[in-house]
Amino acid sequence: MSVSDKVRAAIALKGKQNTDAAAALGISTQAFNNKMYRGTFSADELIKIADELNYELAFIDKYGQKIILMPSDLPEEETQK
């Protein structure tokens with residue numbers, strides 16, 4: 001399953017639309033759909049999408065320890081978009 005497939009599934013599970021994720025990124029729905037088609041999401045974008053959908057984006061090791069990536073980890077100019 002590709003990253004785009006997982007983003008699509010996350011959006012659907014929350015009953016949201018691509019327009020909601022696009023708004024979280026501050027881009028048009030068409031630009032978001034292009035990202036989905038190409039599978040070109042940056043870590044910053046995935047953090048914003050996860051936050052919009054009330055998910056956590058995290059590194060989880062085999063022992064259950066996790067490091068959560070949050071909007072507060074983004075550079076200041078990224079959080080103001």
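Treat the numbers as computed from the prediction; the structure is a model and nothing was measured.
Residue Met1 is not grouped with residue Leu53 when hydrophobic side chains (ILVMFWY) are merged at heavy-atom distances under 4.5 angstrom, including chains of intermediate members. Following chains of ILVMFWY side-chain contacts shorter than 4.5 Å, one can reach Ile27 starting from Val3, so the two form part of one hydrophobic cluster. Following chains of ILVMFWY side-chain contacts shorter than 4.5 Å, one can reach Tyr55 starting from Leu25, so the two form part of one hydrophobic cluster.
Every residue meeting the salt bridge (Lys or Arg N to Asp or Glu O under 4.0 Å) condition with Glu45, not counting sequence neighbours, appears here in chain and number order: Lys35. Listed by chain and residue number, Arg8 satisfy the salt bridge (Lys or Arg N to Asp or Glu O under 4.0 Å) test with Asp5 (two or more places apart in sequence, or in another chain). Lys66 meets the salt bridge (Lys or Arg N to Asp or Glu O under 4.0 Å) test with Glu56; sequence neighbours excluded.
Atom CG of Leu57 and atom CD1 of Ile67 lie 12.0 Å apart (nearest 0.5 Å). Expressed to the nearest 0.5 Å, how far CG of Asp73 lies from CD1 of Ile47 amounts to 6.0 Å. Arg38 CZ to Ser2 OG: the interatomic distance, rounded to the nearest 0.5 Å, is 13.5 Å. Remark: Ile11 CD1 to Ile49 CD1 distance equals 6.0 Å, nearest 0.5 Å. Summarising the geometry, atom CG belonging to Asp20 is positioned 12.5 Å from atom NZ belonging to Lys14; distances are rounded to the nearest 0.5 Å.
Taking both residues in full, the closest heavy atoms of Ser28 and Ala22 are given as O-CB, 3.7 Å, listed atom of the first, atom of the second, then distance. Pairing each heavy atom of Ser4 with each of Gly39, the nearest pair is OG-CA, 3.3 Å.
The closest side-chain heavy-atom distance from Val7 to Leu46 is below 4.5 Å. When side chains are defined from C-beta on, Phe59 does not count as touching Gln65, because their heavy atoms never get closer than 4.5 Å.
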